[in-house]
Every structure is written in structure tokens, then in C-alpha cells.
Engineer: 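What follows is a structure written as C-alpha cells; I'll ask about it next.
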Amino acid sequence: MPKPYFKDNNKIKEILMVNHAGEFGAQRIYQGQLAFTKNHNDISTIQHMLEQELEHLNYFENEIKNSQSKPTFLLPLWSVLGYVLGALSAIAGAKTSMLVTESVEEVIVKHYQEQIEYLENSGNQSPLLIKIKQFKQEEAEHIEIAIKNDSKNAALHSTLSKMLKTMCNMAIYLSKKI
């Protein structure tokens, strides 16, 4: 039987589904970047972030199973698009790879903060809330890493960042619904 953390179990299932999709997409981006990155220092930086994303993904996969929820139907699409985005950003260079990280993680941090506020307002300090807070902090670390690695100096930073953030927000919306 599913663990009802809160009265609104459908909202919890939505949170699990969309977070699983986001972590799945993030790990695919980093896998695409790793496949096309040449610099050893860049590889170890991306590998560090990938390992954290895999931990996040594993947590949400387990929670989906435990709650008898389901992943988004769009995972195959997120798999291809995430990998291609990562690969193209790596081909474009380290600054562009870090721009992708910065932009995607900014959307995720904001999204996690909205979930934290929802869960806190529900009045229940669940394990899910604790994990989302931890994951938000780790995603914020990825933003710092990206900025330290010159993401702000990527070509067309502002334009690409806006485009990436729009795409992420669309993916969040769709992953909640499908």
C-alpha cells in the first residue's frame, strides 16, 4: 500500500513523476556531455554532477515504486533530447556545456523550491521533503560549478539560457501531465 505522506496523494504522485523525469533528463544531459568532452578536468567535473543526478534518480525511482505511482510516458523522448543536448553542448565547448548546466539547474532549483514550499505548507515533515531540500542544495552546487567554469562567457549566453529555461519549463509541464 502506498505511503500517504499527505492528504493530497495525487499531488505527491505528480511531484514524484516530474522529479523522476527531471533527474532522468539531467543524467542523460551529463551522459551526452561526457561522451563528447575531451578535457580530463571537465570530465571529472561532469562525472561528479552525473553521480549526484544518478543518486537523485535512484531515489525517485524507488519512491515511484513505493507509492505505486508511474513515471512519465515521455521518458524515451527525454532520453534522446537530453543526450543530444548534452552532446551538442560538449561539441560546442566547455563554456557551452556549463551554460546548459547553469540554465537547466536554475530551473530545477526554482522548481524544487516551489515543491518545498508546498510540502512545508502541508504541515508534514516527510522524508520526501528532506530529500528534495538536499537535492535542491546539490543542484544549486551545480550552478556554482558551472559559473566557476565560465558558463557566463559562453557565446550567446543570454539567448541560449532563455531558450533552455523555456524548454525545461515545457518539459516540467508535460511531465506532470503525460
Side-chain angles (χ1 to χ4, degrees), residues 1-35 46-87 89 100-146 164-178:
M1 182 160 190
K3 303 187 273 191
Y5 292 122
F6 306 94
K7 294 176 186 174
D8 188 357
N9 201 34
N10 286 334
K11 179 66 175 176
I12 299 305
K13 286 182 177 184
E14 177 185 281
I15 287 172
L16 295 176
M17 186 167 79
V18 72
N19 290 358
H20 175 262
E23 298 298 348
F24 180 84
Q27 59 93 27
R28 292 298 290 157
I29 291 170
Y30 290 128
Q31 287 171 344
Q33 288 176 341
L34 281 174
I46 295 167
Q47 185 65 44
H48 164 72
M49 293 186 289
L50 173 60
E51 288 169 6
Q52 288 181 319
E53 300 298 349
L54 290 170
E55 177 188 329
H56 303 176
L57 177 61
N58 185 52
Y59 174 79
F60 288 117
E61 281 179 351
N62 288 332
E63 287 301 301
I64 282 176
K65 289 175 191 167
N66 292 339
S67 70
Q68 298 176 348
S69 188
K70 61 182 174 65
T72 178
F73 184 71
L74 299 172
L75 284 183
L77 181 62
W78 300 157
S79 179
V80 172
L81 292 178
Y83 189 87
V84 168
L85 176 60
S89 70
V100 169
T101 295
E102 174 194 348
S103 301
V104 170
E105 300 295 21
E106 283 179 359
V107 172
I108 300 309
V109 165
K110 182 178 181 241
H111 182 68
Y112 274 163
Q113 183 58 42
E114 291 168 359
Q115 292 177 350
I116 289 167
E117 290 169 10
Y118 168 80
L119 295 171
E120 286 178 339
N121 289 336
S122 73
N124 191 323
Q125 295 292 316
S126 73
L128 177 62
L129 174 60
I130 293 165
K131 280 297 190 181
I132 292 175
K133 284 181 176 181
Q134 173 195 336
F135 296 163
K136 177 190 166 215
Q137 184 176 0
E138 291 170 357
E139 306 296 7
E141 174 192 317
H142 297 175
I143 296 168
E144 292 172 17
I145 290 169
L164 290 163
K165 289 177 182 180
T166 299
M167 289 173 18
C168 286
N169 283 313
M170 286 175 37
I172 288 169
Y173 177 80
L174 292 171
S175 292
K176 287 179 182 180
K177 306 298 180 193
I178 302 174

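Sequential numbering from 1 along the given sequence is applied to the chain's residues.
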Engineer: First locate atom CE of M17, then atom CZ of F73, and finally report the distance between them rounded to the nearest 0.5 Å.
Structural biologist: 12.0 Å
Engineer: Between CG of N58 and NE2 of H20, what distance do you get to the nearest 0.5 Å?
Structural biologist: 9.5 Å
Engineer: For L16 and L128: C-alpha separation, side-chain torsions, deciding distance, then whether side-chain contact (heavy atoms from CB on, under 4.5 Å) applies.
Structural biologist: CA-CA 9 Å; L16 295 176; L128 177 62; 3.8 Å; yes
Engineer: Counting neighbours of CD on Q137 that are heavy atoms of other residues, nucleotides or ligands and sit closer than 6.0 Å, is the number greater than 12?
Structural biologist: no
Engineer: Roughly how far, to the nearest 0.5 Å, is CG of L85 from OG of S103?
Structural biologist: 9.5 Å
Engineer: Nearest 0.5 Å, please: how far is CD in Q134 from OH in Y59?
Structural biologist: 9.5 Å
Engineer: On a heavy-atom basis, which atom in I143 and which in E102 lie closest, and how many Å separate them?
Structural biologist: CG1-O, 4.1 Å
Engineer: What are the two closest non-hydrogen atoms of H142 and T101, and how far apart are they?
Structural biologist: O-CG2, 3.7 Å
Engineer: Could you check K136 against E139 for salt bridge (Lys or Arg N to Asp or Glu O under 4.0 Å), going step by step and ending with a plain yes or no?
Structural biologist: CA-CA 5 Å; K136 177 190 166 215; E139 306 296 7; over 6 Å; no
Engineer: Between F24 and R28, does a side-chain contact (heavy atoms from CB on, under 4.5 Å) hold up when you go through it step by step?
Structural biologist: CA-CA 6 Å; F24 180 84; R28 292 298 290 157; 4.0 Å; yes
Engineer: May I have the step-by-step check of side chain to side chain donor-acceptor pair (under 3.5 Å) for Q27 and E23, ending in yes or no?
Structural biologist: CA-CA 6 Å; Q27 59 93 27; E23 298 298 348; over 6 Å; no
Engineer: For A35 and Y83, work out which heavy atoms get closest and say how close.
Structural biologist: CB-OH, 3.1 Å
Engineer: Under the salt bridge (Lys or Arg N to Asp or Glu O under 4.0 Å) rule, what do E106 and K110 come out as? Steps first, then yes or no, please.
Structural biologist: CA-CA 6 Å; E106 283 179 359; K110 182 178 181 241; over 6 Å; no
Engineer: In the structure I gave you, are the side-chain heavy atoms of V84 and L81 within less than 4.5 Å of one another anywhere?
Structural biologist: no
Engineer: Closest heavy-atom contact between A140 and V109?
Structural biologist: N-CG2, 3.6 Å
Engineer: Minimum heavy-atom separation for Y30 and I46, please, with both atom names.
Structural biologist: O-CG2, 3.7 Å
Engineer: For the side chain of S126 and the backbone of L129, is there at least one donor-acceptor N/O pair under 3.5 Å apart?
Structural biologist: yes
Engineer: Working note: I29 + E53, criterion side-chain contact (heavy atoms from CB on, under 4.5 Å); need CA distance, chi angles, decisive distance, verdict.
Structural biologist: CA-CA 10 Å; I29 291 170; E53 300 298 349; over 6 Å; no
Engineer: Return the CD1 to CD distance between I108 and E138, rounded to the nearest 0.5 Å.
Structural biologist: 14.0 Å
Engineer: Say you draw a straight line from NZ of K11 to NZ of K13; how long is it, rounded to the nearest 0.5 Å?
Structural biologist: 14.5 Å
Engineer: Before giving the answer on side-chain contact (heavy atoms from CB on, under 4.5 Å), spell out for L174 and L77 the whole-Å C-alpha distance, their side-chain angles and the decisive distance to 0.1 Å.
Structural biologist: CA-CA 11 Å; L174 292 171; L77 181 62; over 6 Å; no
Engineer: Only one of K131, H111, H56 clears side chain to side chain contact (heavy atoms under 4.5 Å, CB included) with N19; which?
Structural biologist: H111
Engineer: Go through the steps to decide whether W78 and S175 satisfy the test side chain to side chain donor-acceptor pair (under 3.5 Å), and finish with yes or no.
Structural biologist: CA-CA 10 Å; W78 300 157; S175 292; 2.8 Å; yes
Engineer: Is the shortest heavy-atom distance from the side chain of E141 to the side chain of H48 under 4.5 Å?
Structural biologist: yes
Engineer: For a quick test of reading the model, state the closest non-hydrogen atom pair linking C168 to V107 and the distance between them.
Structural biologist: CB-CG1, 3.8 Å
